[in-house]
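Scope of the values below: all heavy atoms of this structure, side chains included, with no hydrogens, waters or symmetry mates.
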Amino acid sequence: MPRCFSTDAARSHPLAAPVLALMLTVLPASAQYAAMARVLPTDTLRGALVVGVPPEATLNKQPIRLAPGVRIRGSNNMLMLSGEIGGFSGKVNYRLETGTGLLKEIWVLTDTEASALWPTTPQEAATWAYDPIALRWTKP
């Protein structure tokens with residue numbers, strides 16, 4: 001008497017082949033998505049962030065605090081907890097809260113993203129031009 005029925009059931013199940021075909025088409029598509037360039041919001045600014053013990057940090061050598069609900073995206077675009085960014089030092093894109101001036105959103109940049117031209121002040125963002133097709137800023 002056979003004790004394992006899973007191999008026979010998998011071969012004879014009517015949905016086994018379509019499910020396998022779907023899995024084989026989804027995996028390459030997800031690999032392509034991982035290789036795509038990340039599109040950073042155009043209303044962010046570039047800065048040098050040094051985080052000691054959260055919520056204390058320095059942004060462009062000025063002291064600043066992380067907002068209680070800060071959203072941090074790592075260089076792989078995955079969300080990070082504020083405890084994970086402790087001891088971080090590097091280039092980021094960021095947004096500040098309007099009323100408090102606290103850091104509300106942070107994007108940790110890859111080396112390629114950090115080397116691209118990006119405005120560091122609101123005045124630069126107002127005078128520079130952004131090309132949404134090429135995904136880059138240009139100075140006038």
remark   = Applying side-chain hydrogen bond (donor to acceptor under 3.5 Å, both in side chains) to Glu97 and not counting sequence neighbours gives Thr100
ask   = At their closest point, which heavy atom of Ala114 faces which heavy atom of Lys91, and how far apart are they?
value = CB-CB, 4.0 Å
task = Kindly write out the residues that satisfy side-chain contact (heavy atoms from CB on, under 4.5 Å) with Ala126, not counting sequence neighbours, or none if the list is empty.
result = none
task = List, by chain and then residue number, the residues other than Met78 in its hydrophobic cluster (Ile/Leu/Val/Met/Phe/Trp/Tyr, side-chain heavy atoms under 4.5 Å); write none if there are no others.
result = none
request  = Decide side-chain contact (heavy atoms from CB on, under 4.5 Å) for Asn60 and Tyr94; before the verdict, give the C-alpha distance in whole Å, the side-chain angles of both, and the deciding distance to 0.1 Å.
outcome  = CA-CA 12 Å; Asn60 299 326; Tyr94 65 91; 4.0 Å; yes
Pairing residues for Leu79 by the side-chain contact (heavy atoms from CB on, under 4.5 Å) criterion, not counting sequence neighbours = Arg71, Arg73
message = Using a 3.5 Å distance criterion without hydrogens, assess whether the side chain of Glu84 forms a donor-acceptor pair with backbone atoms of Leu81.
response = yes
inquiry  = Using the side-chain contact (heavy atoms from CB on, under 4.5 Å) criterion, which residues pair with Thr121? Sequence neighbours excluded.
reply    = Gln123, Glu124
Shortest non-hydrogen contact between Ser82 and Ile72, atoms and distance = CA-CD1, 3.7 Å
query = Tell me the salt bridge (Lys or Arg N to Asp or Glu O under 4.0 Å) pairs involving residues 125-139, sequence neighbours left out?
reply = none
ask   = Does Leu96 reach the side chain of Thr98, with side-chain heavy atoms less than 4.5 Å apart?
value = no
ask   = Is there any salt bridge (Lys or Arg N to Asp or Glu O under 4.0 Å) pair reaching into residues 98-111, and which pairs are they, with sequence neighbours excluded?
value = Arg95-Glu105
message = Could you check whether any side-chain heavy atom of Val51 comes within less than 4.5 Å of a side-chain heavy atom of Thr58, counting everything from C-beta outward?
response = no
query = Does any pair with a residue in residues 48-58 pass salt bridge (Lys or Arg N to Asp or Glu O under 4.0 Å), and if so which ones, sequence neighbours excluded?
reply = Glu56-Arg65
task = Taking all heavy atoms of Ser89 and all of Val50, pick out the closest pair and write down the distance.
result = OG-CG2, 3.7 Å
query = OG1/Thr44 to CZ/Arg46 distance, rounded to the nearest 0.5 angstrom?
reply = 7.5 Å
task = Any chance you could pull the hydrophobic cluster mates of Trp118, using side-chain heavy atoms under 4.5 angstrom and chaining through other members?
result = Val39, Leu40, Trp107, Leu109, Leu117, Trp128, Tyr130, Leu135, Trp137
Thr120 and Leu45, any side-chain heavy atoms less than 4.5 Å apart = no
inquiry  = How close do Thr110 and Ser75 get, counting heavy atoms only, and between which atoms?
reply    = CG2-O, 3.6 Å
query = Can you name the nearest heavy-atom pair linking Gly101 to Ile64, along with the distance?
reply = O-CD1, 3.6 Å
query = How long is the span from the CG atom in Leu49 to the CD1 atom in Ile85, to the nearest 0.5 Å?
reply = 5.5 Å
remark   = Contacts of Pro68 meeting side-chain contact (heavy atoms from CB on, under 4.5 Å) (sequence neighbours excluded), chain-then-number -> Leu102
